[in-house]
Undergrad: 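For reference, the structure I am asking about is given below.
These numbers come from a predicted model, not from an experiment.
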Amino acid sequence: MLKKNIEENNKFIIGNYSRYPISIIRGEGSYVYDSNNKKYLDFVSGIAVNNLGHNNKGIKKAIIDQLDKLVHISNLFLIPSQIKLAKSLTSNLPRYKVFFCNSGTEANEAAFKLARKWGIFNNKKTIISVTGGFHGRTFGSLSATTPKKYKEGFYPLVPGFKTAKFNDIESIKSIIKKDKKILAVIIEPIQGEAGVKITDKKYLQDLFKICKKNKILLIADEVQVGIGRTGKLFGFENYDVRPDIITLAKALGGGIPCGAIIANPEISDFLTPGSHGTTMGGNPLAMASGLSMLNQIKKPSFLNTVSKKGKLFLNKLKNLASSDLIKEVRGKGLILAIEFYEQKKAKLFTNKCIKNGLLVLITEKYNVRILPPLNVKNNEIIESVKIMKFVLEQMNE
Ligand SMILES: Cc1ncc(COP(=O)(O)O)c(C=O)c1O
């Protein structure tokens, strides 16, 4: 069956992914099972989507209840569950407003379009992103994405994007000094795709002040770290700054495709009727599922456990870092990485972990990214570290 799946996948599915020859067919909590009923600890979480693990009771009930009522209707009508989710997302962001879409790249496109609309009146056009930044695959978001590997073969991209150096405030300052048309800066509080690179606190706070002083919009791309991943609802809350636009997706829909922007009241109304839209974005199914996700994650007591588990996990990983193969381990909350000295060792480690029943994710060559569900149990963290230790010992032999 697996052999047939591989053959037919190659025959019918466009080959833009190199897939593991594993067919996962069901999941429960932090575990998934493949077509041979082999059990894996899933510390990929659908790349930071399944923040409450698999088969979460609340999300399942919300989806089933909604299926009985209405799946899709269109944004031509009022959608009460959109209002509820927007209210909940903005409970600590007074007067901010929300636009719902379907994915992270779409959220960033919406953020750039809103920024440009606002910028017309200030004659501002240019958007700055930083080295290593990943913002999505559609043309606008790809233009903000800085690593060349994502862009090769797709030029020409959208004009009006510039790159500053990550965590280097002088680099941004010098661009702003030369270009009086800077409209916005987009930044990930933690760069996920770049290998879990954490934005410095002082850097982001200085950037926030510079943006305020120069009337430049600060866009926080929270697609990967939003919805509780760092132990706060939004990653930027670790920095005591308030972005003008926050972009979300991945975990927001509880596994149903969903993205959003949350925008500052001074700019949100620049997206006037007809200026932007989406057919599917914010549909009742995604909203029902998203509401259940958010209600469970938003509780301070839950977010505290994410921070605690993150600390436990990082400490356990630090014990592994005595291995000669590992350069560094780092993380914040439950987004963590092991950085290897050699790319091929990172690959080998990932493959061996998977073989031994632990799903982790290679990212940006040298880094193994670890994204457990946020309700992971302490004993599951310990189990994963045992597997990693075993794999490292094998690799050292
Ligand atoms: C920070 C960030 N922004 C945007 C995106 C794009 O999201 P999507 O794949 O939903 O379009 C991603 C996806 O990995 C991401 O990590």
Side-chain angles (χ1 to χ4, degrees), residues 45-52 59 62-63 66 71-75 79 81-90 93 96-117 127 129 133-145 150 184 186-193 217 219-229 233-236 243-264 267-268 271 275-294 297-298 371:
S45 298
I47 321 186
V49 169
N50 304 315
N51 279 12
L52 291 171
I59 293 179
I63 292 175
Q66 190 59 43
V71 171
H72 177 76
I73 183 67
S74 123
N75 288 304
I79 301 178
S81 50
Q82 266 189 20
I83 303 167
K84 268 196 196 159
L85 188 53
K87 257 191 188 171
S88 181
L89 284 169
T90 57
L93 295 163
Y96 275 56
K97 289 187 182 176
V98 182
F99 162 79
F100 288 105
C101 52
N102 306 283
S103 66
T105 198
E106 269 181 75
N108 286 328
E109 295 289 345
F112 299 148
K113 285 182 75 179
L114 170 59
R116 285 263 167 94
K117 266 263 171 163
I127 296 162
S129 55
F134 180 85
H135 303 291
R137 308 275 190 167
T138 51
F139 272 104
S141 302
L142 190 60
S143 305
T145 293
Y150 298 110
I186 181 161
I187 194 116
E188 294 161 82
I190 297 176
Q191 293 187 331
E193 298 307 299
L217 301 177
I219 305 172
D221 182 338
E222 296 265 351
V223 168
Q224 189 152 156
V225 298
I227 317 297
R229 178 89 14 218
L233 181 60
F234 303 115
F236 72 80
D244 297 293
I245 308 177
I246 297 134
T247 65
L248 292 168
K250 288 196 186 272
L252 175 63
I256 305 292
C258 184
I261 65 168
I262 309 177
N264 153 358
I267 60 168
S268 55
L271 280 188
S275 62
H276 190 58
T278 159
T279 300
M280 305 280 285
N283 90 12
L285 188 66
M287 295 298 99
S289 170
L291 264 168
S292 172
M293 174 67 107
L294 199 61
I297 286 200
K298 241 183 98 172
L371 296 162

Undergrad: More than 12 heavy atoms of other residues, nucleotides or ligands under 6.0 Å from NZ of Lys84: is that the case?
TA: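 Open.
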Undergrad: Taking C-beta and beyond as the side chain, do Asn283 and Asn102 meet within less than 4.5 Å on heavy atoms?
TA: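 A side-chain contact is absent here, since even the closest heavy-atom pair is not under 4.5 Å.
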Undergrad: Atom OG1 in Thr247, atom CG in Asp221: separation rounded to 0.5 Å?
TA: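 These two atoms lie 3.5 Å from each other.
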Undergrad: Using a 4.5 Å cut-off on heavy atoms from C-beta on, say whether the side chain of Arg229 contacts that of Leu371.
TA: yes
Undergrad: Determine which pairs satisfy salt bridge (charged side-chain N to carboxylate O under 4.0 Å, His left out) with at least one residue from residues 97-114, sequence neighbours left out, and list them in order.
TA: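 Non-adjacent pairs meeting salt bridge (charged side-chain N to carboxylate O under 4.0 Å, His left out): Lys97-Asp269.
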Undergrad: Check whether any side-chain heavy atom of Ile63 sits under 4.5 Å from a side-chain heavy atom of Leu285, and report yes or no.
TA: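 Yes, their side chains come closer than 4.5 Å.
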Undergrad: Can any side-chain N or O of Gln66 pair as donor or acceptor with the backbone N or O of Ser289 at less than 3.5 Å?
TA: no
Undergrad: Can you check whether Ala288's main-chain N or O pairs, donor with acceptor, with Ser81's side chain at less than 3.5 Å?
TA: no
Undergrad: Between Asn108 and His135 (side chain of the first, backbone of the second, donor and acceptor by atom type, cut-off under 3.5 Å), is there such a pair?
TA: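 Such a contact is found between Asn108 side chain and His135 backbone.
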Undergrad: If we only count heavy atoms from C-beta on, is the Ile246 to Leu89 side-chain gap below 4.5 Å?
TA: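 No, their side chains stay 4.5 Å or more apart.
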Undergrad: Quick one, Leu93 and Phe234 - any side-chain contact, counting heavy atoms below 4.5 Å?
TA: yes
Undergrad: Are any non-hydrogen side-chain atoms of Cys258 and Met287 less than 4.5 angstrom apart?
TA: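 Sidechains of Met287 and Cys258: in contact.
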Undergrad: Is there a donor-acceptor pair closer than 3.5 Å between any side-chain N or O of Asn75 and the backbone N or O of Thr278?
TA: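 Here the side-chain-to-backbone pair exists.
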Undergrad: Taking Ser141 for the side chain and Arg137 for the main chain, is one N or O donor matched with an acceptor at less than 3.5 Å?
TA: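 It does not hold such a pair.
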Undergrad: Check Leu85, Ile59, Asn50, Leu252 against Met293 for a side chain to side chain contact (heavy atoms under 4.5 Å, CB included) and give me the one that passes.
TA: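 Only one option passes, and that is Ile59.
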Undergrad: Using the salt bridge (charged side-chain N to carboxylate O under 4.0 Å, His left out) rule, collect all pairs that involve residues 245-261, keeping only residues at least two apart or in two chains.
TA: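 Residue pairs with at least one partner in residues 245-261: there are none.
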Undergrad: Counting only N and O atoms by type, is there a donor-acceptor contact under 3.5 Å from the side chain of Glu222 to the main-chain atoms of Ile227?
TA: no
Undergrad: Hey, what do you get for CD1 (Ile47) to CD (Gln224), rounding to the nearest 0.5 Å?
TA: 7.5 Å
Undergrad: Heavy-atom distance under 4.5 Å between the side chains of Ile79 and Pro284, does that happen here?
TA: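 Yes, side chains in contact.
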